[in-house]
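Counting convention: from 1, in listed order, for ligands and their atoms alike.
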Amino acid sequence: MGKKRILSGMRPTGKLHLGHYTGALENWVARQNELDAQGNRAYETWFLIADYHSLTTSLDTADTFSYTIEMVIDWLAAGINPEKSPVFRQSQVKQHAELFLLFSMLITSSRLERNPTLKDQVRELNMESISFGHLGYPVLQAADILLYKGNVVPVGEDQLPHLEITRELARRFNNHFPHPATGGVFEEPEPRITKFSRLAGLDGKAKMSKSLGNTVLLSDTPEEVAKKVGRAVTDTQKIRKNDPGRPEVCTVFSYHTRFSPDDRVHSIAEECRSGALGCVACKKMCAEAISAELSPILEKREAYASRPEMVREVLFDGEDRARKTAEETMCEVREAMRLG
Ligand code: TRP
């Protein structure tokens, strides 16, 4: 059996924040570099920029390209190696549009209307009605995954309903259109949720998000990190330095659990509870721990940011490789469907 394939993607949202890093990117890099018992790569890894998907929530494309470049710079700075992992834009591989169309015949609109992730989004964005393409969001995502025969899909929890739809489409396609030589064209992919999939926002909201303006960016300097963490929400009942605090409700403490060493986390919790540690000192330690982890990323980021033509080359090369694999899959699909 061949190596398992990992496929994941993000919409081009510009510079990434810590939530993207702990929830996705860090894990992508680990899987890219993971070795099996024989010392070979454990997975093949493919990373996609979902620029078609962005159109589901905004038709303003003025910033899409610059957002793509900023995001890819963050991917590379965090350790994505484009020789190992093709990095490509969905819109540059037309097979995504073709498989999306074919899959759209295999699923009912009522099935798509029941998608809880879509319902949440419609509610959050106060949308009165949605486009036909937006309803088909998970169908396009299924095409993204199955074109590369992805077996493992690292995603956040909100994406699980989409993975379920991908699995249904793979099954339904194989049942309706068994391939004459291989039986089934597709395998059902497995989702993989990362442990730190949610990082709270600086304002204490459940999630860091660009639209809420409560983020620390991967590209923030130590001074910017210190300033932002300095303003973060802590236990609102801990007003004076020596008031006893409750780490379990504190956003800054939640960052410590991810960025500070375990023994430090333990002592911070105790000293916060006893009132020995004030928020100012605690935040300073937190900002330092975050910046220590970001410093190699920041350094690499600057190297890429000064050479945008190199970033474009990474995309062109990834897109060539993606097209080749996507076309191989589409040949099987067309054969199974007796199209041409
Ligand atoms: N829908 C995903 C998100 O918003 C992005 C995405 C598009 C994706 N295509 C994908 C994720 C394929 C995994 C696999 O996060």
Side-chain angles (χ1 to χ4, degrees), residues 4-14 16-17 19-29 31-32 43-58 64 67-68 71-72 74-75 80 85-93 95-97 99-100 103-104 112 115-122 124-125 130 133-170 186-194 196-199 207-211 318-319 322 325-326 329:
K4 289 230 182 226
R5 288 190 180 180
I6 290 188
L7 183 131
S8 199
M10 290 183 199
R11 281 173 287 177
T13 50
L16 299 182
H17 56 67
H20 292 119
Y21 180 65
T22 62
L25 194 49
E26 179 182 40
N27 180 259
W28 292 5
V29 173
R31 297 289 83 74
Q32 167 193 270
Y43 301 98
E44 252 184 51
T45 40
W46 297 75
F47 298 116
L48 147 154
I49 296 137
D51 54 355
Y52 277 157
H53 274 122
S54 289
L55 296 168
T56 60
T57 46
S58 166
T64 306
Y67 281 177
T68 298
M71 183 169 84
V72 172
D74 280 332
W75 288 7
I80 296 296
S85 313
V87 168
F88 58 100
R89 289 165 293 173
Q90 198 181 33
S91 66
Q92 301 309 302
V93 183
Q95 288 80 356
H96 288 258
L99 190 57
F100 167 67
F103 278 169
S104 72
L112 293 170
N115 168 15
T117 303
L118 182 76
K119 285 191 188 165
D120 286 350
Q121 198 176 47
V122 167
E124 265 170 41
L125 300 176
I130 63 166
H134 195 173
L135 184 64
Y137 188 112
V139 182
L140 181 57
Q141 188 162 345
D144 296 342
I145 297 165
L146 295 175
L147 269 179
Y148 306 93
K149 302 197 177 183
N151 312 104
V152 177
V153 186
V155 280
E157 230 163 340
D158 64 321
Q159 297 294 309
L160 288 179
H162 295 171
L163 259 289
E164 206 37 63
I165 291 173
T166 303
R167 293 165 60 86
E168 283 171 33
L169 284 167
F186 298 115
E187 280 175 47
E188 289 177 44
E190 306 281 342
R192 184 126 354 133
I193 306 285
T194 23
F196 272 94
S197 35
R198 276 191 179 219
L199 202 64
K207 225 174 159 177
M208 256 193 199
S209 114
K210 182 178 176 176
S211 56
E319 284 153 10
T325 298
T329 303

With heavy atoms of [X] as the reference, note each atom of ligand 1 found under 4.0 Å away.
X: Arg11; value: 4 (O)
X: Ala50; value: 7 (C)
X: Ile145; value: 12 (C), 14 (C)
X: Leu7; value: 12 (C), 14 (C)
X: Val155; value: 13 (C)
X: Val153; value: 13 (C), 14 (C)

Closest non-hydrogen protein atom to [atom], residue and atom name please, with distance?
atom: atom 2 (C) of ligand 1; answer: Gln159 OE1, 3.3 Å
atom: atom 4 (O) of ligand 1; answer: Tyr137 OH, 3.2 Å
atom: atom 8 (C) of ligand 1; answer: Gln141 NE2, 3.6 Å
atom: atom 7 (C) of ligand 1; answer: His53 ND1, 3.4 Å
atom: atom 5 (C) of ligand 1; answer: Gly9 O, 3.6 Å

Side chain, backbone, both or neither: the part of [X] lying under 4.0 Å from ligand 1 by heavy atom:
X: Leu48; answer: side chain
X: Gln90; answer: neither
X: Asp158; answer: neither

Flag side-chain contact, heavy atom, 4.5 Å: [X] against [Y]:
X: Thr57; Y: Arg11; result: yes
X: Ile80; Y: Thr45; result: no
X: Phe88; Y: Ile49; result: no
X: Asp74; Y: Met71; result: no

Should the ring pair Tyr137 and His162 be called parallel, tilted or perpendicular, given that the plane angle runs from 0 to 90° and is split at 30 and 60?
tilted
Determine the interplanar angle of the Phe103 and Phe186 rings, folded into 0 to 90°, and report it as parallel if under 30°, tilted if 30 to 60°, perpendicular if over 60°.
perpendicular
Got more than 12 heavy atoms from elsewhere within 6.0 Å of CD, Glu187?
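Atom CD in Glu187 is not packed in, count stays at 12 or less.
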Salt-bridged, Glu319 to Arg89, with N to O below 4.0 Å?
yes
Does any N or O of ligand 1 fall below 3.5 Å from an N or O anywhere on Asp144, backbone included?
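Yes, there is a polar N/O contact under 3.5 Å.
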Should His96 and Gln90 be marked as a side chain to side chain donor-acceptor pair (under 3.5 Å) after you check the CA-CA gap, both sets of side-chain angles, and the distance that decides it?
CA-CA 7 Å; His96 288 258; Gln90 198 181 33; 4.6 Å; no
Please report the shortest heavy-atom distance between Leu146 and Pro189, naming the atom on each side.
CD2-CD, 4.1 Å
